[in-house]
Amino acid sequence: MKLITCEGVSKQYGTKAALSNINLSLDTGAPIALVGPNGAGKTTLFSLLCGFIHPSSGEISILGEKPGSQKLQNVVTALPQDASLDPNFTIVSQLTFFGKLQGMNGKQAKQEALRVLELVDLSASALMLPKSLSHGMSKRVSIAQALMGSPKLVLLDEPTAGLDPANAKKIRQIVKDLSATTTFVISSHNLEELEKLCDQVLYLEQGQLQQSVSMKADAETAFLTLTMQQSDIALLSDKVRSMPNIINVKVSDDEQIIIEHHFDTSFNLETALLALFSEHGWQYKAIMKGRSLEETLFSS
Ligand SMILES: Nc1ncnc2c1ncn2[C@@H]1O[C@H](COP(=O)(O)OP(=O)(O)OP(=O)(O)O)[C@@H](O)[C@H]1O
């Protein structure tokens, strides 16, 4: 069964169309990225999926159920952009309380609270009050809350916004570790982060779904991104264009070129490139299979 389907979903706030005619069909599996400029409608889409608000028209179904229905309680959870904790209660007591709201008895709720704190590496902070936590730790507590009851779908709105690189990395690791059993949909402006985590990317703009792209390599064509440091980029591009199996060569800036090519087991493009660099004395910084999410979304 499909994880999420949206058929002709629109959402109006008064005269403002926040989402227009969204059609989507998503399966469980690797994390899914939701990208778009400010005001594109990402939070509105999350709120619809959670059942906090309803579409003005169209149909949404999550695992065959309407968002917000009783059957989806504990199955779909969300980390809102502005998640906040009650300053007066310890972390473990707040999570235990959420567990009870989900229908667990006191003992089960406490056990579940301790389990999710362990998942986010905060067992040692269970008895702390929110004010003693750093921003990164608070964010992890909110993620722990979203993981209570082992949901199937977790919506994360900007999970690493404002975090230092070490804490952001911890959150990415939590998502990676749990991806086998939980599908995450992650809204973020950090394309590099989404690139590391997600296989599929949804791009919203002005309330419309502009693109849905897969980051997985295509079976027949592939991309290779070369970042050079000392080379003649124009000559390099010309030389690459004349190699076998090349579909397109794009100079993306004065250091980088993106090569689109056919797969061919009888010709090793990387080896040919290294020979070319050696012949001309060119230095490279990186040879990356694939292309960046930024390039995928915004190249024309
Ligand atoms: N409650 C509301 N009433 C009226 N307009 C709203 C409301 N909520 C959102 N909007 C408008 O709907 C559009 C989509 O907003 P939304 O918050 O979903 O975008 P977003 O992609 O999450 O933006 P950001 O990246 O800035 O968080 C925006 O133009 C916003 O101003």
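Indexing begins at 1, ligand by ligand and atom by atom, following the structure's order. Worth knowing before you read on, the calculation uses all heavy atoms, side chains too, and leaves out hydrogens, waters and symmetry mates.
- Of the N or O atoms in Gly36, none lie within a sub-3.5 Å distance of an N or O in ligand 1.
- Ranked by closest heavy atom to atom 17 (O) of ligand 1, the top entry among Asn38, Thr43, Leu204 is Thr43.
- Expressed to the nearest 0.5 Å, how far CG of Leu79 lies from CD of Gln145 amounts to 8.5 Å.
- For residues 33-49, the set of pairs meeting the salt bridge (Lys or Arg N to Asp or Glu O under 4.0 Å) definition, not counting sequence neighbours, is empty.
- Under 4.0 angstrom from ligand 1, the non-hydrogen atoms of Lys42 come from both its backbone and its side chain.
- For Glu118 and Arg115, the salt-bridge test fails: no basic side-chain N is under 4.0 Å from an acidic carboxylate O.
- With distances taken over non-hydrogen atoms, the option nearest atom 13 (C) of ligand 1 out of Gly39, Ser187, Gly207 is Gly39.
- At a 4.0 Å cut-off, at least one heavy atom of His189 sits close enough to ligand 1 to count as contact.
- Listed by number with element, the atoms of ligand 1 under 4.0 angstrom from any heavy atom of Ala40 are 19 (O), 20 (P), 21 (O).
- Side-chain atoms of Asn167 and Thr160 include no donor-acceptor pair closer than 3.5 Å.
- Take Glu59 and apply the side-chain hydrogen bond (donor to acceptor under 3.5 Å, both in side chains) test, not counting sequence neighbours, and it matches Lys66.
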